[in-house]
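Worksheet for the structure shown next.
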Amino acid sequence: MHLEQQLTTAIQQAFQQALGLAVELSAIALQPTAKEFEGAYTFVTFSWSGRCQQRPEAVANQLGEWLKENSTLVVDFNVVKGFLNLVIGDRVWLTQLSAIGADANFGVAAPNGKKVVIEFSSPNTNKPLHLGHLRNNFLGHAMAGIMKATGHEVHKVNLVNDRGIHICKSMVAYQQYGQGETPETEALKGDHFVGKYYVKFDQVYKEQVAALTKALGDPVRAAKEAPSLLEAQQMLRKWEEGDKAVRALWEMMNGWVYQGFAATYQQLGITFDKTYYESETYLLGKKVVEEGLSLGVFRQEQDGSVWADLTEEGLDRKLVLRADGTSVYMTQDLGVADLRYADYHFDQLLYVVGNEQDYHFAVLFKLMQKLGRSYAPAMHHLSYGMVDLPTGKMKSREGTVVDADQLMEEMVRTAAQHTQALGKIDSFSQEEAAALYSMLAMGALKYFLLRVEAKKRILFDPEASIDFQGHTGPSIQYTHARIAAILRKAKEQGIAYQEGGVADSLPLQPAEREVIMQLYAFPKKLQESAEGYSPAILAQYVFNLAKGYNKLYAALPILHEKDAALQLLRVQLSAAVARVIKKSMQLLGIAVPNKM
RNA sequence: GGUUCCGUAGCUCAACUGGAUAGAGCAGCUGCCUUCUAAGCAGCAGGUUUCAGGUUCGAGCCCUGACGGAAUCACCA
């Protein structure tokens, strides 16, 4: 049984025996003891003072006495005001370390039979990925790992936004200005090649609007009637009609983009179990709209448009079908939700989408509920803040974006410079070195984006490059490499260690105890991370673990320890830390090296 | 204007869901590599947690109201 459970049960008994009070187990909460006091767990007695008719200190003292006397876990206690600090015996911690070592899958929960679908990435096929997309991808991928490790059956799905007016804009621009160019002739990655025309369209469009505004004296009309826009709209209609030439152009350009995306995903280390395309799903919602009409959930206006009225729920009126019968975003999402459920019968459906769509999802979930979908409560929006620049929001059309491919390239270069300057990997082949640079670059980037709580916006200053020192991915990766070196040497020196079988009668140094406690907290942190849909919790955890280990590393000899039993213990402890660091980072989507 | 989210050290972020003297990293300053990887460790300095009230034994966290920032409220996606 878990230590904390054992302790709360013991405290329950202590209340009964020492104070004659029957207390519910769920009412007893423990917290970690603050660093400046002795002890591992703290029970706060202020709120019990009334029920016990005694001062908090008195309650704490009596509970403490009883626990020290009767609990095998508690070897000592101290009371500060209403805080009862419980000291757990070293034997207990060593036993736990032994158990951690013996469990090859420590922290990973057994399958719980719950099915989770995580939708993330969902790129548009008219432009390359930028830093904001990276946050989405990393969050989705990390959540998938975390949910899997907490026992869920996880399905990662991508819904590619491959149709619509924005795609047609790139197509129009290419048709007019492309002159037979291809990614090959221009030596450009496919997504960047297509993105170039999306930007080109916007330039042309703006010039036309400006000219037209002068001619008409009406900026609103000009914005709607600019020839390039009309062409794009015309192209969208042709696309929907299935016009052969338009479809061929569309397929060719999307094909280029997919090639580019494949390379980017490859470098990101991100994969999907299934990819959906909007071009195949955008019509699905129309049936749901009809169903909603017959149920009275939606209402049709004179002009034929269909609306949902959510004013009673504190939301607004929302369009679900245009007057001309074509779909809007919401129409599509209604249909796709049903499709997801039909495909997976999920217990949870997680949408990783930016907070600019908070309202959209609030409406979507409410509508699914009103439509009587049993799975409506299982839908959740993992909303995250934008990645902003000092100059404001990133805008693809205006070219004010931090391009993902370019950023990764720069970071790989920086990683290479750092590594070469330190000169610790001279024995590496070119390929090995390149793999390491990439691993470190991605570690820095991913950790940078994952360590911040999802809902907060991130400010990224392109002038100040992402660090490789301090509270960063590479510093955690470094800790792993350090331990790996120790373990290699231990083997060379013939120190035969098994991770289980830790001697339980050794005295522990504070640094060792601290690290064991941190290791022990891993499953709990993982659980919190999953329940809170928060990779940041795991990211913070693994940094603290690495920091705790580095402290130990600086304070105590490991292989140089003369006492064989202590030496063995420290090697075993090191091995366990390496394993948990590796696992945590892996769940976050970050690889760790054995040498750097 | 309505709704939602955010506001913590010069900067970037934590704070175990209401607990003890609010902690890390970066930047600045001081030390530590002829013992295991210095991408590390030890230390100094840095705070009226935006402000004003309230609830509570106890508030960065909960409530009310200001102030500042962001998103959204489209027959856009």
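Just so we're clear, the structure is a prediction, and the values are computed from it rather than from any experiment. Just so we're on the same page: letters track the sequence lines, and every chain starts at 1.
- Rounded to whole Å, atom C1' of B:rA39 lies 12 Å from atom CE of A:Met585.
- More than 12 heavy atoms of other residues, nucleotides or ligands lie within 6.0 Å of NZ in A:Lys286, so this atom counts as buried by the packing criterion.
- In this structure, B:rG19 and B:rC57 make a Watson-Crick or G-U wobble pair, each of the two defining distances being under 3.5 angstrom.
- Between A:Trp250 and A:Tyr277, the ring center distance fails the sub-6.0 Å criterion.
- Across all strands shown, B:rG69 is found opposite B:rC5 as a Watson-Crick or G-U wobble partner, with both distances under 3.5 Å.
- Partner A:Phe298 forms a side chain to side chain contact (heavy atoms under 4.5 Å, CB included) with one of A:Leu319, A:Leu321, A:Leu293 and no other, that one being A:Leu293.
- Nucleic acid contact class of A:Asp461 (heavy atoms, under 4.0 Å, all strands): none.
- Residue contacts for A:Leu315: at a heavy-atom cut-off of 4.0 Å it reaches no nucleic acid atom on any strand shown.
- B:rG40 is paired with B:rC32 under the criterion used here, namely a Watson-Crick or G-U wobble arrangement in which both key atom distances are under 3.5 Å.
- Contact annotation for A:Lys424: base contact, defined as any heavy-atom pair under 4.0 Å involving a base atom.
- Using N1 to N3 plus N6-O4 or O6-N4 for Watson-Crick, or N1-O2 and O6-N3 for G-U wobble, each under 3.5 Å, B:rC26 pairs with B:rG10.
- Nucleic acid contact for A:Tyr553: base, since at least one base atom lies under 4.0 Å from a heavy atom of the residue.
- Side-chain polar atoms of A:Asn355 and A:Arg457 form no donor-acceptor pair below 3.5 angstrom.
- In terms of polar N and O atoms assigned as donor or acceptor, the side chain of A:Thr42 comes within less than 3.5 Å of the base of B:rA20 in a complementary pairing.
- The residue A:Asp333 sits apart from the nucleic acid: no heavy atom pair falls under 4.0 Å.
- In this model, no donor atom of one side chain and acceptor atom of the other lie less than 3.5 Å apart for A:His418 and A:Tyr437.
- Separation of the C1' atoms belonging to B:rA9 and B:rA27 is 12 Å when rounded to the nearest angstrom.
- Rounded to a whole Å, the CG atom of A:Leu364 is 15 Å from the P atom of B:rA77.
- Between A:Ser475 and A:Glu278, the residue anchored nearer the 5' end of RNA chain B, judged by the nucleotide with its closest heavy atom, is A:Ser475.
- Under 4.0 angstrom from either OP1 or OP2 of B:rC76 there lies no side-chain N or O belonging to A:Arg163.
- To the nearest whole angstrom, the two P atoms, one in B:rC41 and one in B:rC57, are 43 Å apart.
- Of the P atoms belonging to B:rA14 and B:rU4, the separation is 23 Å, rounded to the nearest Å.
- What separates NZ of A:Lys366 from P of B:rU3 is a distance of 17 Å, to the nearest Å.
- Between B:rC41 and A:Lys547, a contact under 4.0 Å exists linking OP1 or OP2 to a side-chain N or O.
- Neither OP1 nor OP2 of B:rC57 sits under 4.0 Å from any side-chain N or O of A:Arg55.
- Distance CG (A:Asp162) to P (B:rA77): 14 Å, rounded to an integer number of Å.
- One atom, NE2 of A:His471, and another, P of B:rG40, lie 12 Å apart when rounded to the nearest Å.
- B:rC5: glycosidic angle beyond 90° from 0, hence anti.
- In A:Glu38, the CD atom is not crowded: 12 or fewer heavy atoms of neighbouring residues, nucleotides or ligands sit closer than 6.0 Å.
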Any protein N or O atoms within reach of nucleotides 67-72 of chain B? Criterion: under 3.5 Å, listing atom names and distances.
residue, atom, partner, partner atom, Å
B:rA71, O2', A:Asn355, O, 3.4

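- If you check every strand for non-hydrogen atoms under 4.0 Å, A:Asn126 touches nothing.
- Within the 4.0 angstrom heavy-atom criterion, no nucleotide atom of any strand lies near A:Thr326.
- The gap from the C1' atom of B:rA15 to that of B:rA24 amounts to 10 Å, rounded to the nearest Å.
- Between A:Ser170 and A:Asn126, the side chains place no donor N or O within less than 3.5 Å of an acceptor N or O (distance only, hydrogens not considered).
- Here A:Lys456 reaches the OP1 or OP2 of B:rG7: one of its side-chain N or O atoms lies under 4.0 Å away.
- Residues A:Ile165 and A:Gln233 have side chains in contact (heavy-atom distance under 4.5 Å, counting atoms from C-beta outward).
- A distance of about 49 Å separates the C1' atoms of B:rG31 and B:rC63, rounded to the whole Å.
- At a cut-off of 3.5 angstrom, the base of B:rA74 holds no donor-acceptor pair with the side chain of A:Asp316.
- Atoms CZ (A:Phe37) and P (B:rU21) sit 7 Å apart, rounded to a whole Å.
- For A:Lys81, no side-chain nitrogen or oxygen approaches OP1 or OP2 of B:rG58 to under 4.0 Å.
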Under the criterion side-chain contact (heavy atoms from CB on, under 4.5 Å), I'd like the reasoning laid out for A:Ile167 against A:Asp162: C-alpha separation, chi angles, the key distance, then a yes or no. CA-CA 7 Å; A:Ile167 313 293; A:Asp162 63 344; 5.7 Å; no
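- Within the model, atoms OG1 of A:Thr8 and OH of A:Tyr41 stand 10.5 Å from one another, a figure rounded to the nearest 0.5 Å.
- Comment: A:Glu432 does not engage A:Lys595 in a salt bridge, judged by the lack of any side-chain N to carboxylate O separation of less than 4.0 angstrom.
- Comparing the C1' positions of B:rC26 and B:rG40 gives a spacing of 16 Å, expressed to the nearest Å.
- Within 4.0 Å of A:Ile537, counting heavy atoms only, lies no atom of the nucleic acid at all.
- The CG atom of A:Asn544 sits 11 Å away from the C1' atom of B:rC16 (whole-angstrom rounding).
- Between A:Lys35 and B:rA24 there is a side-chain N or O to OP1 or OP2 distance below 4.0 Å.
- Projected onto RNA chain B by closest heavy-atom contact, A:Val44 and A:Val452 fall at different nucleotides, the more 5' of which corresponds to A:Val452.
- The pairing partner recorded for B:rU64 is B:rA52, the criterion being a Watson-Crick or G-U wobble arrangement whose two distances lie under 3.5 angstrom.
- In this structure B:rU17 sits in the syn conformation; its chi angle is within 90° of 0.
- Residue A:Glu453 is classed as a sugar-phosphate contact, given heavy-atom separations below 4.0 Å to backbone atoms only.
- Phosphate proximity of B:rC76 to A:Arg322: present, with a side-chain N or O under 4.0 Å from OP1 or OP2.
- Each of A:Glu531, A:Lys524, A:Lys525 was evaluated against A:Gln527; a single residue qualifies, A:Glu531, per the side-chain hydrogen bond (donor to acceptor under 3.5 Å, both in side chains) test.
- With hydrogens and angles ignored, no donor-acceptor pair under 3.5 angstrom links the side chain of A:Thr479 to the base of B:rA39.
- Here the P atom of nucleotide B:rA42 and the CG atom of A:Leu556 are 12 Å apart, to the nearest Å.
- Using atom C1' as the reference point in both B:rA66 and B:rC44, the two lie 39 Å apart (nearest Å).
- Rounded to the nearest Å, the gap between the P atom of B:rG53 and that of B:rC16 is 26 Å.
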